[in-house]
Amino acid sequence: MKKVVIRQIYRDFKNYENQVLEITGWARSNRAQKQFGFLMINDGSFFESIQVVYEENLENFKEIQKYRVGSALKIIGTVNLTPNAKQPFEIKAQEVILVGDCPEDYPIQPKRHTREFLREVAHLRPRTNLFSAVFRVRSLTAHAIHTFFQDRGFVYVHAPIITASDAEGAGEMFRVTTLDLHNVPKNEEKNIDYKQDFFGKSTNLTVSGQLEAEVFALAFRDVYTFGPTFRAELSNTYKHAAEFWMIEPEIAFADLLDDMNLAEDMVKFIIQYVIEKAPEEMQFFDEFVQKGLLNRLNTLLKSKFHRCDYSEAIEILKKAPKQFENKVEWGIDLASEHERYLTDEYFKAPVFVINYPKEIKAINWWIST
RNA sequence: UACUAAGUAGCUCAGUGGUAGAGCAGUUGACUGUUAAUCAAUUGGUCAUAGGUUCAAAUCCUAUCUUGGUCUCCA
């Protein structure tokens, strides 16, 4: 018996015609009728489910009719092409075996759930379309990031996660300690005595791998970090996570133009890669999460990223036929509303704003001459 | 941090002062090709919590808790 995953069959179904296969997966729906029924089976290898037809002649037909959504099943059957149906092929069952039953109160239904509800059933939400799509795309994105840099000869630097260093302009840090918080040791000046802590000094979770990457760039030339970073900002927005992954390339002997070209190429490469490798998932996002997403991404792939001097950006904003909440004048740091106007309304494309006043940037920035 | 909206059946929601509701899910049945199948029946309720107003509160008022959105911060 040939064991296959559903991704294989979908990608090559014509070559599987009339073959007897064994598939395993979880029921997404079960539409039982009097003399036959249809099971939708998802095995996690692919976004789409596969349709299995079962008929009255199966000895456990009555039981199969009652298999609930969520049940784990093993099916042996033949691949039939169905060119006139909604799906290009289906499996006609010779055997349907219940591997694991699913309780009556299984909470995931074949319908839309809110994300707030899915958070309460966190152990089951990877089985939903939304999480299936998100985490496969996330996995592909990570692979695309590595592929992009590795193909260009960059060295992947693993910056430490526990560190004693801070970074430029980063936010609040999570402390890492083995000290007993109910009985913190004090030194003679009545300050916390970090000499008794695990590392003998105050440490925290990294807010950025930048400093390590810079050090390595001065030896390996082109390097990047890609890993988790942590910030203890009390920001209640969907954009701000306490733990998030960050890419930080550092390139020696490069100028600002090299840097911008690299960033533009990277963003385009990743988008291209994901659209190509996860068309079903991206289609799902386009339809149910953000209408017009694919159109926006394809437009972005074709457009040149704009480059705009800070002073020029200020002039554009001053002339904007629009009232900003934060007043625009030379010397300010751009707020989200200003950035949104530049990208969404003025340039209608991604834009680099360069040559900021040195007063609002960190000390280690290169000064234009 | 501030502002704002919401919390009613397992889920998604309707119900703005007078008997607690629908669809889905579950259960039982019908159905010869379904596509989140359809049809019939049926189980299921501390209306977030506490207090107040009223003859009468899911509905009005106050406080608290929880969640969403926006802002701030930041990336």
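Worth saying up front: this structure is predicted, and the values here are computed from it rather than measured.
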Report the nucleotide, chosen from B/A37, B/G33, B/A75, that has the shortest atom-to-atom distance to any side-chain atom of A/Phe36. B/G33
Residues passing the side chain to side chain contact (heavy atoms under 4.5 Å, CB included) test with A/Thr82, sequence neighbours excluded, are A/Ala85, A/Gln87, A/Glu90
Of A/Ile91, A/Thr24, A/Ile75, which meets side-chain contact (heavy atoms from CB on, under 4.5 Å) against A/Ile41? A/Ile75
For A/Phe117, I'd like to know if atom CZ has over 12 heavy atoms of other residues, nucleotides or ligands within 6.0 Å. yes
Taking the side chain of A/Glu116 as heavy atoms from C-beta outward, which of B/U35, B/C71, B/G68 is closest to it? B/G68
Interface with RNA chain B, restricted to residues 118-128 of chain A and to heavy atoms under 4.0 Å: A/Arg119
Ring centroid separation for A/Tyr156 and A/Tyr224, is it under 6.0 angstrom? yes
Taking NZ, NE, NH1 and NH2 as the nitrogens, is one of them in A/Arg221 or A/Glu250 under 4.0 Å from a carboxylate oxygen of the other? no
Base, sugar-phosphate, or nothing for A/Ala335, non-hydrogen atoms under 4.0 angstrom? nothing
For B/A48, which nucleotide in any strand shown is its Watson-Crick or wobble partner with both distances under 3.5 Å? B/U64
Check ion pair A/Lys195-A/Glu188 (N to O, under 4.0 angstrom): no
Could you work out which one of B/U72, B/U34, B/U32 sits closest to the side chain of A/Phe38? B/U34
Looking at every strand, decide which applies to A/Thr114 at a 4.0 Å heavy-atom threshold: base, sugar-phosphate, or nothing. sugar-phosphate
Does the distance from a Lys or Arg side-chain N to an Asp or Glu carboxylate O, for A/Lys268 and A/Glu264, drop under 4.0 Å? yes
Report the residue (A/His113 or A/Glu55) whose heavy-atom-nearest nucleotide on RNA chain B is the more 5′ of the two. A/His113
Would you say A/Ile97 and A/Ile6 are hydrophobically clustered, going by side-chain heavy atoms of ILVMFWY under 4.5 Å? no
Once you apply a heavy-atom cut-off of 4.0 Å, does A/Phe117 come out as touching a base, just sugar-phosphate, or nothing? sugar-phosphate
Protein-proximity profile, nucleotides 22-27 of chain B, B/S/- by nucleotide at the 4.0 Å heavy-atom cutoff, equals -BBSSS
Tell me the partner of B/U38, counting only Watson-Crick (N1-N3 plus N6-O4 or O6-N4) or G-U wobble (N1-O2 and O6-N3) with both under 3.5 Å; none if nothing fits. B/A30
Strictly below 4.0 Å, N to O, side chains only: are A/Glu55 and A/Lys92 in salt-bridge contact? yes
Considering heavy-atom distances to RNA chain B, does A/Lys86 or A/Lys34 have its closest nucleotide positioned more toward the 5' end? A/Lys34
